[in-house]
K.L.:
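To start, I am sharing the structure in question, which I have written as structure tokens.
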Amino acid sequence: MSKIRVLVVGCGHMGKSHAKAYDDLEDFEIVGLVSRGEKSRSALAKDLKVDCPLYSDYETALIESKPDAVCISTYPETHVEYAIKAFEAGAHVFMEKPLAEDLTEAQSVVDASVKAGKVLMVGYILRVHPSWQKFIEVARGLGKPLVMRMNLNQQSQKDQWETHKNLMNSMMPIVDCGVHYVDVMSQMTQAKPVSVYAIGARLSDELNEGQMNYGQLQVKFDDGSVGWYEAGWGPMMSETAFFIKDVVGPKGSASIVSDTASSRSNSAEVEAHTKTEKILVHHSARDESGKFAKEDELLSTEDEPDHDGLCLREQKVFLSAIKGDQDLSQHCQDAIDSLRIVLAAKESIEKDIVVKL
């Protein structure tokens, strides 16, 4: 099989990591970098081993580079249009989450991939994270129902705050980031979500009317399990308790313990939210005296990949799917299902109701 010609669209944090992965994998050849700003694509080009054309316009890049695959790491409002145009051009698509801004558009992207006979993969990075997969495995052994508590709060300033404000033109934090964590909850419970309730708050006059940079959702599953997820962005966010990844069941509990994430002034760092370091496992079984029968366990995850390493793993899965060795149809359905939960949270906030799924 000849090299897969890939067009990288979006040269921000995620686009850089994916481009580096393509640059390191001999099966791929980067045939172009696309971004709105000249500075970001030029900076990325200097970090790559390959010399490739730079574009400011996506359609021009698509026509001129004739890619076999397109990697989309742009703002969410462009995802649907860019993906469908890539499929129409005969290219496979790797797209950063979320799939779309609503369910109808999300389904249209999946349908377009099926019609074109091309691979669609969505960037659910925790699905290739060995420690998070171990966390899910441990959670499944805790009995039912499960109580799941997770958050991702980020204290941001300068360029990071500007990026967050731009993201909120498309969606609030619990939608944008929430898809990862409700997807984890669904994997832990292997149950169907039945209802969602959420609250939100606007914590800055810099935001447009109606935009909320803080939110919290509660989701209930048909096996009695419940999940809580919280996300907030901005210069006002607290550095206390910004990293909670915890699950409790009748047989005990499991918690991701990270010294990196627990340190102060670190919530804005992506590594702080993907790094696990250890999983603390507690067993609820007691002996005849009523004392715990087994000591708590610390499962070490010191050899886990960094963020770029996780993106490399994602692109290996994408490559496998392109070669026909892996079917991503269930992956696409799961991406739609997780989006359904967070969009229900958005509706719950706007209407102040419990949304039935």
Side-chain angles (χ1 to χ4, degrees), residues 14 75-77 79 96-103 105-106 122-126 132 147-156 160-161 163-189 193-204 206-221 225-238 241-247 261 267-268 270 272-274 334-357:
M14 295 307 302
Y75 287 120
E77 65 264 25
H79 286 186
E96 265 307 322
K97 56 77 187 165
L99 253 176
E101 295 179 274
D102 66 53
L103 290 174
E105 289 188 336
V122 187
Y124 279 46
I125 199 167
L126 299 183
W132 274 86
V147 173
M148 298 159 289
R149 305 185 302 156
M150 302 183 192
N151 71 358
L152 196 163
N153 293 317
Q154 292 178 275
Q155 187 183 94
S156 58
Q160 290 173 323
W161 177 227
T163 297
H164 281 151
K165 286 191 289 185
N166 287 333
L167 277 169
M168 282 184 281
N169 289 328
S170 297
M171 51 191 57
M172 63 182 67
I174 59 168
V175 176
D176 181 80
C177 299
V179 289
H180 283 307
Y181 299 99
V182 298
D183 181 57
V184 167
M185 293 178 191
S186 295
Q187 291 180 71
M188 286 178 168
T189 62
V194 294
S195 64
V196 178
Y197 179 69
I199 54 176
R202 179 175 180 265
L203 300 174
S204 173
E206 296 176 45
L207 302 178
N208 297 330
E209 192 67 34
Q211 286 185 334
M212 296 185 185
N213 61 315
Y214 173 84
Q216 184 220 76
L217 67 81
Q218 298 174 0
V219 55
K220 185 175 181 179
F221 293 84
S225 296
V226 292
W228 161 88
Y229 175 71
E230 172 194 63
W233 297 337
M236 73 295 295
M237 296 305 300
S238 170
F242 70 83
F243 186 92
I244 299 171
K245 310 290 187 290
D246 187 55
V247 56
S267 70
V270 174
H273 293 278
T274 57
D334 291 344
I336 289 177
D337 290 343
S338 59
L339 184 62
R340 178 178 289 109
I341 295 173
V342 294
L343 288 177
K346 178 176 179 289
E347 180 183 358
S348 175
I349 291 173
E350 291 172 345
K351 298 180 180 179
D352 193 21
I353 59 171
V354 174
V355 178
K356 301 293 184 181
L357 298 174

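Throughout, residue positions are numbered sequentially from 1 according to the sequence presented.
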K.L.:
List the residues meeting side chain to side chain donor-acceptor pair (under 3.5 Å) with Ser204, not counting sequence neighbours, and say none if there are none.
P.N.:
none
K.L.:
Please identify which of these residues, Val196, Val342, Leu339, meets the side-chain contact (heavy atoms from CB on, under 4.5 Å) condition with Val182.
P.N.:
Val342
K.L.:
Does the Thr189 side chain pair with the main chain of Met185, one donor and one acceptor, at a distance under 3.5 Å?
P.N.:
yes
K.L.:
What pairs with Thr163 under side chain to side chain contact (heavy atoms under 4.5 Å, CB included), at least two apart in sequence or on another chain?
P.N.:
Tyr75, Leu167
K.L.:
Could I get the full list of side chain to side chain donor-acceptor pair (under 3.5 Å) partners for Glu101, not counting sequence neighbours?
P.N.:
none
K.L.:
In chain order, what residues pass the side chain to side chain contact (heavy atoms under 4.5 Å, CB included) check against Ile353, with sequence neighbours excluded?
P.N.:
Glu347, Lys351, Val355
K.L.:
If you look only at pairs with a residue in residues 206-216, which of them pass as a salt bridge (charged side-chain N to carboxylate O under 4.0 Å, His left out), with sequence neighbours excluded?
P.N.:
Lys165-Glu206
K.L.:
Does Ala100 have any side chain to side chain contact (heavy atoms under 4.5 Å, CB included) partners at least two apart in sequence or in another chain, and if so, which?
P.N.:
Val80, Glu105, Ala106
K.L.:
Please name all residues satisfying ring-ring contact (aromatic ring centres under 6.0 Å, His included) with Tyr124, sequence neighbours left out, ordered by chain then number.
P.N.:
His180
K.L.:
Give me each pair satisfying side chain to side chain donor-acceptor pair (under 3.5 Å) with a member in residues 193-202, each pair once, sequence neighbours excluded.
P.N.:
Tyr197-Asp352
K.L.:
Please name all residues satisfying side chain to side chain donor-acceptor pair (under 3.5 Å) with Ser225, sequence neighbours left out, ordered by chain then number.
P.N.:
Asp223
K.L.:
Ignoring hydrogens and angles, write down the donor-acceptor pairs under 3.5 Å from the side chains of residues 226-233, residues two or more places apart or on other chains.
P.N.:
unit_1 : atom_1 : unit_2 : atom_2 : d
Glu230 : OE1    : Asn151 : ND2    : 3.1
Glu230 : OE1    : Asn153 : ND2    : 2.8
Glu230 : OE2    : Tyr214 : OH     : 2.7
Trp233 : NE1    : Gln154 : OE1    : 3.3

K.L.:
Charged N to carboxylate O below 4.0 Å: is that the case for Asp183 and Lys97?
P.N.:
no
K.L.:
With sequence neighbours excluded, tell me which residues meet side chain to side chain donor-acceptor pair (under 3.5 Å) with Asp334.
P.N.:
Arg127, Gln330
K.L.:
List for me each residue that meets side chain to side chain contact (heavy atoms under 4.5 Å, CB included) alongside Glu350, sequence neighbours excluded, and say none if there are none.
P.N.:
Lys346
